[in-house]
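The shown structure was predicted, so the numbers you read here are calculated from the model rather than taken from an experiment. All ligand and atom numbering here is 1-based and tracks the order in the structure. All values below come from the heavy atoms of this structure, side chains included, with hydrogens, waters and symmetry mates left out.
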Amino acid sequence: VKWEPARTYDEIVYEKSEEGIAKITINRPHKHNAFTPKTIDELLDAFTDARNDGRVGVIILTGMGDKAFCSGGDQMVRGDGGYVGGDQVPRLNLLDLQRLMRVTPKPIIAMVAGYAIGGGHGLHVISDLTIAADNAIFGQTESKVGSVDAGYGQGFLAEIVGQKKAREIYYLSEQYTAEEADKMGLVNKVVPLEQLEDATIDWAQKLVAKSPTALRLMKASFNADTDGLAGLQQLGGDATLLYYRTEESKEGRDAFKEKREPDFSQFPRFP
Ligand code: 2NE
């Protein structure tokens, strides 16, 4: 795969390939790719671009280097009310990123080498698929560092590994090997570190060749009940997208524009 730079940022790298794969890399290896509010703002921007770009069919999220995928929020910029950025305002914009990843109608693959820890673990949890290198280490640290990753971080993890295991992972703040993660269904597969990118690209290429609408509807269907009304909104929005493309819907729009009554009699009522 030939990667072309897509946009330039300070704390992430954003690339695309001609065949429709976007790759977003958290680029703070000196901190095990811990994120600041700026990192998250940049991730929000790149994910929004990848979502909007009709040529992109799949998004890979990863971390720079082979020591860490992401080690969560940068504790050095954690203030009293959240993570503090250049504007000196404390915030937890990670939560915005989690929601964006859920509604992005394209598969997101977490490509994990090294540590996926704390809020960084949550980022792989919320990704549609995870491919792990054999050096990957998974875990939460919130009960040690005094934090909580409610919602997707905890709830969706429990959907994946079950309530007992998820509570163990959060309450005890221990670390798990790639093999252990594989056993609990937390990752899709484990490959030798040197094969990680190839294995991820192989799946990305397979996904890009699949029906984008089928993948979109599948993702929305998988998310619907966990996401409550927001999930129904996404699934309903997808139905509306398809409906807008029918002659029946266009008749309503065209009748309004032509200042006449719509004639829906020509359209079937399916059982
Ligand atoms: C990941 C772990 C276990 C790795 O340990 P080790 O011994 O292999 O590496 P080391 O030396 O700890 O880390 C290398 C450098 O990265 C920095 C370290 O301070 C160190 O820097 P220097 O001492 O060389 O200058 N670093 C690593 N993680 C960092 C972090 N999160 N913030 C700032 N600097 C970090 C070990 O590094 C570790 O336990 N890291 C902390 C993991 C953690 O507690 N993350 C935050 C969880 S809370 C969260 O992410 C969160 C949430 O719960 C809810 C919402 C939003 C965020």
Side-chain angles (χ1 to χ4, degrees), residues 10-13 24-44 47 61-102 108 110-127 130 132-161 165-181 186-187 193 196 226:
D10 293 332
E11 301 189 358
I12 69 169
V13 175
I24 302 174
T25 307
I26 302 173
N27 188 22
R28 303 186 77 232
H30 57 293
K31 294 235 179 183
H32 280 341
N33 296 316
F35 55 77
T36 68
K38 185 177 192 184
T39 321
I40 299 289
D41 278 344
E42 294 181 352
L43 288 168
L44 284 165
F47 267 101
L61 175 63
T62 192
M64 189 61 77
D66 58 13
K67 301 282 182 293
F69 169 75
C70 175
S71 63
D74 186 327
Q75 298 306 294
M76 301 306 176
V77 301
R78 186 172 145 193
D80 294 344
Y83 293 86
V84 180
D87 59 4
Q88 301 308 312
V89 177
R91 49 168 58 85
L92 204 48
N93 53 353
L94 171 74
L95 306 185
D96 300 321
L97 176 63
Q98 292 178 340
R99 287 195 295 273
L100 176 59
M101 290 171 73
R102 287 292 278 194
I108 299 168
M111 180 169 87
V112 178
Y115 289 105
I117 293 281
H121 188 256
L123 287 177
H124 107 83
V125 165
I126 201 170
S127 298
T130 298
D134 50 9
N135 77 335
I137 297 171
F138 299 88
Q140 303 293 155
T141 61
E142 278 79 352
S143 64
K144 277 199 299 195
V145 295
S147 183
V148 179
D149 195 1
Y152 293 114
Q154 292 178 208
F156 192 48
L157 177 69
E159 279 199 22
I160 297 170
V161 300
K165 202 72 196 175
R167 285 168 203 236
E168 171 194 317
I169 291 170
Y170 265 90
Y171 292 175
L172 292 177
S173 285
E174 292 195 342
Q175 294 177 357
Y176 302 84
T177 63
E179 198 187 344
E180 289 169 321
L186 187 52
V187 301
L193 176 60
L196 180 62
T226 309

> Does the side chain of Gln75 pick up a donor-acceptor pair with the side chain of Tyr83 at under 3.5 Å?
Replying inline: yes

> Can you tell me if Ser173 and Glu142 form a side-chain donor-acceptor pair at under 3.5 Å?
Replying inline: no

>> On a heavy-atom basis, I'd like to know which of Gly73, Gly118, Gly146, Gly151 is closest to atom 31 (N) of ligand 1.
In response: Gly73

> Relative to the heavy atoms of His30, which atoms of ligand 1 are at a distance of less than 4.0 Å?
Replying inline: 15 (C), 16 (O)

>> Suppose we measure from atom 53 (O) of ligand 1 to each protein heavy atom; which comes out shortest, and what is that distance?
In response: Glu142 OE2, 2.5 Å

> To the nearest 0.5 Å, how far apart are CE in Met64 and CG in Asn27?
Replying inline: 4.0 Å

> Does ligand 1 have any atom sitting under 4.0 Å from a heavy atom of Ile137?
Replying inline: no

> Short list, please: which atoms of ligand 1 are under 4.0 Å from a heavy atom of Gln175?
Replying inline: 3 (C)

> Where the closest heavy atom to atom 19 (O) of ligand 1 is concerned, which of Met76, Lys144, Gln75 has it?
Replying inline: Met76

>> Using a plain distance cutoff, I'd like to know if Asp149 has any nitrogen or oxygen under 3.5 Å from a nitrogen or oxygen of ligand 1.
In response: no

>> Just to confirm my output: which protein heavy-atom neighbour is closest to atom 49 (C) of ligand 1, and how far is it?
In response: Gly119 N, 3.4 Å

>> To the closest 0.5 Å, what do you measure between CG (Leu196) and OG1 (Thr62)?
In response: 6.5 Å

>> For Asp66, give me all partners under salt bridge (Lys or Arg N to Asp or Glu O under 4.0 Å), at least two apart in sequence or on another chain.
In response: none

>> As an exercise, identify every atom of ligand 1 less than 4.0 angstrom from a heavy atom of Asp74.
In response: 32 (N), 33 (C)

> At a 4.0 Å threshold, what atoms of ligand 1 neighbour a non-hydrogen atom of Thr141?
Replying inline: 43 (C), 44 (O), 45 (N), 46 (C), 47 (C)

>> How long is the straight-line distance from CD of Glu179 back to CG of Asp134, given to the nearest 0.5 Å?
In response: 10.0 Å

> Under 4.0 Å from any heavy atom of Leu92, which atoms of ligand 1 are there?
Replying inline: 55 (C), 56 (C)

>> Once you measure the plane-to-plane angle for His121 and Phe138, does it fall in the parallel (<30°), tilted (30-60°) or perpendicular (>60°) bin?
In response: perpendicular

>> So, 4.0 Å and heavy atoms of Lys67: is ligand 1 close enough to count as a contact?
In response: no

> CD1 of Ile26 to CD1 of Ile12: how many Å apart, nearest 0.5 Å?
Replying inline: 8.0 Å

>> Checking a contact table here: which protein heavy atom is nearest atom 7 (O) of ligand 1, and how many Å away?
In response: Tyr115 OH, 5.0 Å

> Tell me, which protein residue and heavy-atom name are nearest atom 57 (C) of ligand 1, and how many Å apart are they?
Replying inline: Tyr83 OH, 3.6 Å

> Are Glu168 and Tyr176 linked by a side-chain donor-acceptor pair shorter than 3.5 Å?
Replying inline: yes

>> Distance alone, cut at 3.5 Å: any donor-acceptor contact between the side chains of Thr36 and Thr39?
In response: yes

>> Only heavy atoms of Gly72, strictly under 4.0 Å: list the atoms of ligand 1 that pass.
In response: 50 (O)

> For Gly120 and ligand 1, does the shortest N/O to N/O distance drop below 3.5 Å?
Replying inline: no

> What part of Lys31, side chain, backbone, both or neither, has a heavy atom within less than 4.0 angstrom of ligand 1?
Replying inline: both

> Does His32, backbone or side chain, put an N or O under 3.5 Å from an N or O of ligand 1?
Replying inline: yes

> How many angstroms lie between atom OG1 of Thr226 and atom CD of Glu159, to the nearest 0.5 angstrom?
Replying inline: 3.0 Å

> Does the distance from a Lys or Arg side-chain N to an Asp or Glu carboxylate O, for Arg99 and Asp96, drop under 4.0 Å?
Replying inline: yes

> For atom 28 (N) of ligand 1, what's the nearest protein heavy atom and its distance?
Replying inline: Ser71 OG, 3.0 Å

